[in-house]
Q: 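This structure is in structure tokens; I'll ask about it shortly.
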Protein chains: 2
Amino acid sequence: MRPLIHPAIEDVRPEAIIHALSDPNRAAIFAKIMRAGCVQACSAVAALGDRVIPKSSLSNHFKVLREAGLIRSERHGVELRNHSRWAEVEERFPGLLPAIINAYASNAPSGAQGAGPSKGE
Amino acid sequence: MRPLIHPAIEDVRPEAIIHALSDPNRAAIFAKIMRAGCVQACSAVAALGDRVIPKSSLSNHFKVLREAGLIRSERHGVELRNHSRWAEVEERFPGLLPAIINAYASNAPSGAQGAGPSKGE
DNA sequence: TCCCATTGTTCGGAAATATGGAACTATGAT
DNA sequence: ATCATAGTTCCATATTTCCGAACAATGGGA
């Protein structure tokens with residue numbers, strides 16, 4: 001098992017962040033990590049809306065978020081705890097995260113607050 | 001030749017915009033269209049920085065921007081004129097475009113044909 | 001008119017990336 | 001030691017992207 005990779009904030013590339021959040025599932029995961037008080041185990045987001053995400057896919061989504069510089073993951077026993085790196089990213093790219101999270105939220109169909117996968121149009 | 005597809009602003013989905021701009025080339029093209037006074041022929045961006053983009057790739061980049069709702073293209077004789085839909089998109093997703101364009105611009109090394117207004121120097 | 005230069009689109013195959021089931025690893029508990 | 005839990009890795013399939021080449025559409029001559 002490879003060690004977890006966390007880029008230094010100055011190495012974070014805007015396209016990596018934007019690409020990571022261009023997937024509604026990942027954006028929803030990231031929004032959830034933030035809303036959860038900045039700490040969230042991976043398994044806590046096993047489902048988004050009505051859709052169950054396979055754990056191999058989930059693992060990959062967390063990896064993308066991590067390597068983009070959006071979250072920091074620490075092992076605690078058998079689980080990972082994921083912290084949002086919001087403050088760092090916000091300082092480096094002001095307004096980027098709020099605007100993206102907001103865009104998804106304002107497009108959300110029902111009471112699904114935050115960034116959720118759209119289930120129709 | 002199919003007609004050009006321009007989604008109504010209310011049908012524009014945030015993930016489409018974010019995905020379109022998650023490619024640095026497309027973000028640079030979009031930024032250039034804005035800087036050029038909101039009208040630009042496709043051929044005017046045949047090269048970005050030192051890289052020449054094949055025209056089939058360029059055609060596809062413009063298509064992605066268009067169908068994401070970021071630009072509007074009109075045929076004028078043999079060429080297309082591309083207008084940014086900034087104002088509409090800004091109203092629908094406030095702050096999204098400035099934040100993304102700014103993120104690329106603030107990351108651009110000197111001289112690189114980056115996206116957006118330069119920040120300092 | 002016919003020909004041709006210019007602009008952009010479409011096609012098709014190769015390369016890259018994403019998805020998810022199954023097997024695996026690592027840790028804690030009994 | 002054995003088991004359960006939480007994530008990772010492997011790998012085959014599916015989807016997307018890239019770009020050269022052929023094509024289409026328009027305008028300008030001769």
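Within every chain, numbering begins at 1; the chains are lettered A, B, ... in the order of the sequence lines, protein sequences first and strands thereafter.
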Q: Could you list the protein-to-nucleotides 3-8 of chain C atom pairs, N/O on both sides, closer than 3.5 Å?
A:
{"residue": "C:dT7", "atom": "O4'", "partner": "B:Val78", "partner atom": "O", "Å": "3.2"}
{"residue": "C:dG8", "atom": "OP1", "partner": "B:Cys42", "partner atom": "N", "Å": "3.2"}
{"residue": "C:dG8", "atom": "OP1", "partner": "B:Leu80", "partner atom": "N", "Å": "3.3"}
{"residue": "C:dG8", "atom": "OP2", "partner": "B:Ser43", "partner atom": "N", "Å": "2.9"}
{"residue": "C:dG8", "atom": "OP2", "partner": "B:Ser43", "partner atom": "OG", "Å": "3.3"}
{"residue": "C:dG8", "atom": "N7", "partner": "B:Lys55", "partner atom": "NZ", "Å": "3.0"}
{"residue": "C:dG8", "atom": "O6", "partner": "B:Lys55", "partner atom": "NZ", "Å": "2.7"}

Q: Which nucleotide wins on minimum distance to the side chain of A:Arg2, given the candidates D:dC18, C:dT19, D:dC10?
A: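 It is D:dC10.
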
Q: Applying the side-chain contact (heavy atoms from CB on, under 4.5 Å) criterion to A:Arg81, which one of A:Arg72, A:Arg75, A:His76 satisfies it?
A: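 Among A:Arg72, A:Arg75, A:His76, the one that satisfies the side-chain contact (heavy atoms from CB on, under 4.5 Å) with A:Arg81 is A:His76.
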
Q: Given C:dG21, D:dC19, C:dA18, identify the nucleotide with an atom nearest to the side chain of B:Pro54.
A: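 From the listed options, D:dC19 comes nearest.
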
Q: Do B:Leu21 and B:Leu65 have side-chain heavy atoms sitting under 4.5 Å apart?
A: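 Yes. Closest side-chain heavy atoms under 4.5 Å.
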
Q: Between A:Leu58 (CG) and D:dT5 (P), how many Å, whole number?
A: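 Spelled out: CG on A:Leu58 to P on D:dT5 is 17 Å.
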
Q: Find the distance B:Asn60:CG to D:dT16:P and express it as a whole number of Å.
A: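 Going from CG in B:Asn60 over to P in D:dT16 covers 12 Å.
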
Q: For D:dT17, does either OP1 or OP2 sit under 4.0 Å from a side-chain N or O belonging to A:His19?
A: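 For A:His19, the contact criterion (side-chain N or O under 4.0 Å from OP1 or OP2 of D:dT17) is not met.
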
Q: Under 4.0 Å, heavy atoms only, any strand: does B:His76 hit a base, just the sugar-phosphate, or nothing?
A: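 Contact class for B:His76: none.
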
Q: When rounded to the nearest 0.5 angstrom, what distance separates CZ in B:Phe30 from OG in B:Ser84?
A: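 Output value for this atom pair is 4.0 Å.
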
Q: Between A:His61 (NE2) and C:dT19 (C1'), how many Å, whole number?
A: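 Atom-to-atom, A:His61 to C:dT19, this comes out as 9 Å.
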
Q: Round to a whole Å and report the spacing from CZ of A:Arg26 to P of C:dA18.
A: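 Atom CZ in A:Arg26 sits about 7 Å away from atom P in C:dA18.
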
Q: What is the distance from CG of A:Asn25 to P of C:dA18, rounded to the nearest Å?
A: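 One finds 13 Å between P of C:dA18 and CG of A:Asn25, rounded.
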
Q: Nearest 0.5 Å, please: how far is CD1 in B:Ile101 from CH2 in B:Trp86?
A: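 So the CH2 of B:Trp86 and the CD1 of B:Ile101 are separated by 6.5 Å.
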
Q: In whole Å, I'd like the distance from the CZ atom of B:Phe62 to the P atom of C:dT9.
A: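 Value for this atom pair: 9 Å.
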
Q: As an exercise, state the distance from CD1 of A:Ile33 to CZ of A:Phe62, rounded to the nearest 0.5 Å.
A: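 Taking CD1 in A:Ile33 and CZ in A:Phe62, the distance rounds to 4.5 Å.
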
Q: Starting from P on C:dA18, measure out to NZ on A:Lys63 and report it in whole angstrom.
A: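 Going from NZ in A:Lys63 over to P in C:dA18 covers 10 Å.
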
Q: Can a side-chain donor-acceptor contact be found between B:Asn107 and A:Arg92 if the only test is distance below 3.5 angstrom?
A: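 Yes, side-chain donor-acceptor contact under 3.5 Å.
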
Q: Starting at CG of B:Leu4 and ending at P of D:dA25, how long is that distance when rounded to a whole Å?
A: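 Value for this atom pair: 13 Å.
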
Q: Any side-chain N or O of A:Ser57 less than 4.0 Å from the OP1 or OP2 oxygen of C:dG20?
A: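 Checking A:Ser57 against C:dG20: at least one side-chain N or O falls below 4.0 Å of OP1 or OP2.
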
Q: Do the side chains of B:Glu15 and B:Arg13 get close enough for a salt bridge, i.e. N-O under 4.0 angstrom?
A: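 Salt bridge present between B:Glu15 and B:Arg13.
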
